[in-house]
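These numbers come from a predicted model, not from an experiment.
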Amino acid sequence: MNTESNQEVTGFVKAAGKKIVNGLGQEILLRGVGLGSWLLPEGYMWQFPEQGDRPRRIEKMVSDLVGDNKAAEFWDIYYSRYIAEADIQRMAAEGFNSVRVPINARVLMEDGEPLRVKAKGLQLIDQVIDWCRKYSLYVILDLHGAPGGQTGANIDDSEKDKPELFTDESNQRLTIALWRMLAERYKDEWIVAGYDLLNEPLPNYFAEYNDLVMPLYIDIIQAIREVDQRHMIILEGVHWATDWSIFNEMPDDNLMLQFHKYWNNPDTESIQKFLDKRDELQVPIFMGEGGENNNDWFTGAFQLYEDHETSWNFWTWKKLEAINSPCSVNMPEGWQQLIHYLEGGSKPDPQSAERILWTYLDNLSLECCTYQPEVINALFRRPSVRIPAIFYDYKGVGESFGIGQQADRGIDFRVQDGVDIRFVDAQRETPNFANMKGQGWKDEDWMYVHLSPEDWVSYTFRIPAVSTPRIYSIELCIRTKQAGAIAVSLDGSPVLTVSTHEESWELVQAALPFELKQGTHKIVLSAQVIAASIQWIRIF
């Protein structure tokens with residue numbers, strides 16, 4: 001089942017300047033997926049309101065509905081089915097080479113000092129590590145919910161919506177002890193790529209504690225290094241991992257810095273501050289969490305990371321009734337009764353509640369989910385995939401685009417390219433990426449690329465491992481003010497020309513003239529004689 005990308009998973013990962021290398025010293029990029037809502041259930045992935053937005057609130061609901069004994073049985077089944085061997089096997093087969101495992105401290109430890117470990121929680125992590133070793137996927141251990149909460153929000157399972165990790169020294173001691181325990185347990189486990197110390201510490205509204213983050217990081221690193229000198233350590237910035245101002249010098253020589261990216265323009269400008277910090281500190285960087293958008297956005301964002309040699313991790317593998325995750329858990333009949341109860345409505349009777357909850361458990365297994373390969377196709381830009389024209393490649397002028405004649409008007413999109421060949425109809429506003437969560441764009445919302453003669457743009461895509469090469473086709477959504485054409489080249493060779501005679505948008509299809517083998521390919525589009533506009537390109 002392993003793909004080409006999985007073959008590079010060998011030996012301890014470590015930082016080497018701005019790159020990461022595997023046990024053979026080969027440079028690699030981590031291309032992974034997050035196991036969100038497994039060991040730290042998040043209410044939005046259950047379609048729950050605020051009253052059920054975090055693990056402790058969901059746990060209380062289950063216990064209230066079916067009693068403590070049945071609730072314990074529910075969670076045992078939940079953990080065993082939400083992520084199972086079949087899920088890990090499918091991730092590897094799809095081409096991912098890593099997984100990020102978000103951990104709630106309460107799964108691993110009892111409340112209070114000294115540290116008292118829960119064996120069942122460790123067994124869950126041991127099991128997923130064993131599967132990942134079997135199918136060649138590096139594992140990133142992510143402390144998503146630290147003792148007391150590092151964020152003060154639902155995502156860290158905080159009890160009082162306060163970042164009590166930073167207000168209670170006992171929570172800091174427990175966090176240090178927890179990481180030391182994990183490092184000692186996995187110090188010889190090479191399939192573990194690294195330790196992600198704290199997920200998204202301190203949003204801006206708790207910025208008063210920002211000065212406490214690096215000292216805590218340093219204390220955790222010191223504790224880890226007392227027992228484990230080999231594993232890479234991963235540090236996230238404050239304010240949802242987007243503010244790296246806390247990083248001025250690196251306290252260890254085997255570190256990677258992590259940022260997260262959601263719902264904003266997938267352009268170089270949006271990540272330039274992280275690229276600059278990489279150059280300044282000479283450390284590798286990692287887009288450790290991003291997604292929750294739509295497939296069109298994915299085709300731009302994840303190619304952006306690829307072109308800037310940045311490891312990435314998609315959020316997330318599985319959730320309830322989703323169109324933007326590979327696995328959609330089918331909603332049980334009666335699920336609205338649970339939502340109604342959480343919002344203060346009537347309580348379902350125990351029999352009904354058990355039926356609804358156990359149907360949900362039945363639906364968690366991979367084979368029972370609605371599988372959506374189009375999401376993964378968008379992440380890897382592999383057929384069948386539609387790429388919005390504005391998401392041409394990100395390697396800059398001469399490699400990803402060329403300009404014959406500067407346009408006379410444009411929009412502020414991908415401004416660091418230094419060109420303005422992108423247009424939107426003067427009567428319409430630029431689409432707001434912040435409002436794209438889970439939504440498809442309407443035709444009238446599209447931005448497009450306008451190519452004057454001698455202008456060109458490129459689109460990288462990938463052919464996965466297949467038993468035999470095959471012929472692929474392309475489809476362009478284009479328009480010209482008079483009869484015109486778009487020349488198409490593939491991997492540097494002219495292959496065909498597609499023509500249109502319409503001033504309105506027109507779909508034009510053509511088969512590529514030869515079979516494509518596994519690997520990376522590049523299509524270049526250029527206007528011929530007459531200027532042309534392109535909304536999107538589809539490869540299928």
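The aromatic rings of Trp297 and Phe302 stand perpendicular to each other, their planes meeting at an angle above 60°, with 30° marking the opposite boundary.
Interatomic distance, Asp252 CG to Tyr217 OH, rounded to the nearest 0.5 Å: 14.0 Å. Summarising the geometry, atom CZ belonging to Phe461 is positioned 8.0 Å from atom CD1 belonging to Ile387; distances are rounded to the nearest 0.5 Å. Separating the CD atom in Gln89 from the CD atom in Glu85 is a distance of 6.5 Å, to the nearest 0.5 Å. Here the CG atom belonging to Leu255 is positioned 5.0 Å from the CD1 atom belonging to Ile221, to the nearest 0.5 angstrom. Atom CD1 in Ile125 sits 11.5 Å away from atom SG in Cys132 (nearest 0.5 Å). Interatomic distance, CG of Leu212 versus OG1 of Thr167, reported as 9.5 Å (0.5 Å rounding).
In plain terms, the two heavy atoms of Leu197 and Leu143 that are nearest each other are O-CB, 3.3 Å. The two atoms that bring Met109 and Pro147 nearest to each other are SD-CG, 3.9 Å, heavy atoms only.
A salt bridge is absent between Arg116 and Glu110; no separation between the charged side-chain nitrogens and carboxylate oxygens falls under 4.0 Å. With salt bridges taken as basic N to acidic carboxylate O contacts below 4.0 Å, one links Arg173 and Glu113. A salt bridge is absent between Lys134 and Asp130; no separation between the charged side-chain nitrogens and carboxylate oxygens falls under 4.0 Å. Using a cutoff of 4.0 Å between basic side-chain nitrogens and carboxylate oxygens, Glu189 and Arg133 are scored as salt-bridged. Using a cut-off of 4.0 Å between Lys/Arg side-chain N and Asp/Glu carboxylate O, Arg230 and Asp188 are scored as salt-bridged. By the 4.0 Å N-to-carboxylate-O rule, Glu59 lies too far from Arg56 to be salt-bridged with it. Remark: Arg382 does not engage Glu374 in a salt bridge, criterion side-chain N to carboxylate O under 4.0 Å. Salt-bridge annotation for Lys187 and Glu226: absent, with no side-chain N of the basic residue lying under 4.0 Å from a carboxylate O of the acidic one. With respect to Arg100 and Asp142, a salt bridge is recorded, a charged nitrogen being found less than 4.0 Å from a carboxylate O. Salt bridge annotation for Asp76-Lys120: present, with a cationic side-chain nitrogen under 4.0 angstrom from a carboxylate oxygen. A salt bridge is absent between Asp64 and Lys347: the closest approach of a Lys/Arg side-chain nitrogen to an acidic carboxylate oxygen does not fall below 4.0 angstrom. Taking a cutoff of 4.0 Å between a charged side-chain nitrogen and a carboxylate oxygen, Arg31 and Glu306 qualify as a salt bridge.
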How far apart are the C-alpha atoms of Val21 and Lys14, what are their side-chain angles, what is the distance that settles it, and do they pass the side chain to side chain contact (heavy atoms under 4.5 Å, CB included) test?
-> CA-CA 6 Å; Val21 298; Lys14 66 178 181 179; 3.7 Å; yes
Test ring pair (Phe, Tyr, Trp, His ring centres under 6.0 Å) applied to Trp38 and Tyr79, step by step | CA-CA 7 Å; Trp38 178 40; Tyr79 290 135; 7.1 Å; no
Please lay out, stage by stage, how Asp157 and Asn104 fare under the test side chain to side chain donor-acceptor pair (under 3.5 Å).
-> CA-CA 8 Å; Asp157 195 28; Asn104 189 352; 3.0 Å; yes
Report the C-alpha distance between Glu50 and Asp53 in whole Å, list the side-chain angles of each, state the deciding distance to 0.1 Å, and finish with yes or no for side chain to side chain contact (heavy atoms under 4.5 Å, CB included).
-> CA-CA 5 Å; Glu50 180 181 357; Asp53 66 352; 3.9 Å; yes
Please lay out, stage by stage, how Leu361 and Arg81 fare under the test side chain to side chain contact (heavy atoms under 4.5 Å, CB included).
-> CA-CA 7 Å; Leu361 293 175; Arg81 289 187 184 169; 3.8 Å; yes
Are Gln150 and Asn199 close enough, and set up right, to give a side chain to side chain contact (heavy atoms under 4.5 Å, CB included), and what steps lead you there?
-> CA-CA 8 Å; Gln150 74 282 359; Asn199 178 70; 3.9 Å; yes
Between Ser270 and Asp267, does a side chain to side chain donor-acceptor pair (under 3.5 Å) hold up when you go through it step by step?
-> CA-CA 6 Å; Ser270 68; Asp267 57 7; 3.2 Å; yes
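The backbone N or O of Gly149 sits nowhere less than 3.5 Å from a side-chain atom of Ser158 that would complete a donor-acceptor pair. The backbone N or O of Glu164 lies less than 3.5 Å from no partner atom in the side chain of Lys160, so there is not a single donor-acceptor pair. No donor-acceptor pair closer than 3.5 Å links the side chain of Arg180 to the backbone N or O of Ala183.
Remark: Arg90 fails to qualify as a cation-pi partner of Phe96 under the 6.0 Å distance and 45° angle criteria applied to the six-membered ring. Remark: Lys318 qualifies as a cation-pi partner of Tyr82 under the 6.0 Å distance and 45° angle criteria applied to the six-membered ring.
With Trp312 as the partner, the ring-ring contact (aromatic ring centres under 6.0 Å, His included) test is satisfied by one option alone out of Phe286, Phe259, Phe274, Phe380: Phe380. For the ring-ring contact (aromatic ring centres under 6.0 Å, His included) test with Phe298, the passing option among Trp315, Tyr262, Phe314, Phe391 is Phe314; the others fail.
Counting only N and O atoms by type, the side chains of Asn97 and Glu8 include a donor and acceptor under 3.5 Å apart. Counted by atom type alone, Ser384 and Asn377 present zero donor-acceptor pairs between their side chains at under 3.5 Å. No side-chain donor-acceptor contact under 3.5 Å links Gln172 and Asp219. Using modelled atom types, one finds a donor on one side chain and an acceptor on the other under 3.5 Å when comparing Glu292 with Tyr44.
Aromatic pair Trp335/Phe48: ring centres closer than 6.0 Å. Ring to ring, Tyr186 and His231 are not that close: their centroids are 6.0 angstrom or more apart. Close placement of the Tyr78 and Trp46 rings is indicated, their centers lying within 6.0 Å of each other. A distance below 6.0 Å separates the ring centres of Trp358 and Phe74.
No side-chain heavy atom of Leu137 sits less than 4.5 Å from a side-chain heavy atom of Trp131. Taking 4.5 Å as the limit, some side-chain heavy atom of Thr460 sits within range of a side-chain heavy atom of Gln303. Taking the side chain as every heavy atom from C-beta outward, Tyr305 and Ile285 never approach each other to under 4.5 Å.
Annotation for Glu333: atom CD does not count as buried by contact number, only 12 or fewer foreign heavy atoms lying within 6.0 Å. For NZ of Lys118, the number of neighbouring non-hydrogen atoms (other residues, nucleotides, ligands) closer than 6.0 Å is greater than 12. More than 12 heavy atoms of other residues, nucleotides or ligands shown are found within 6.0 angstrom of CD on Gln26.
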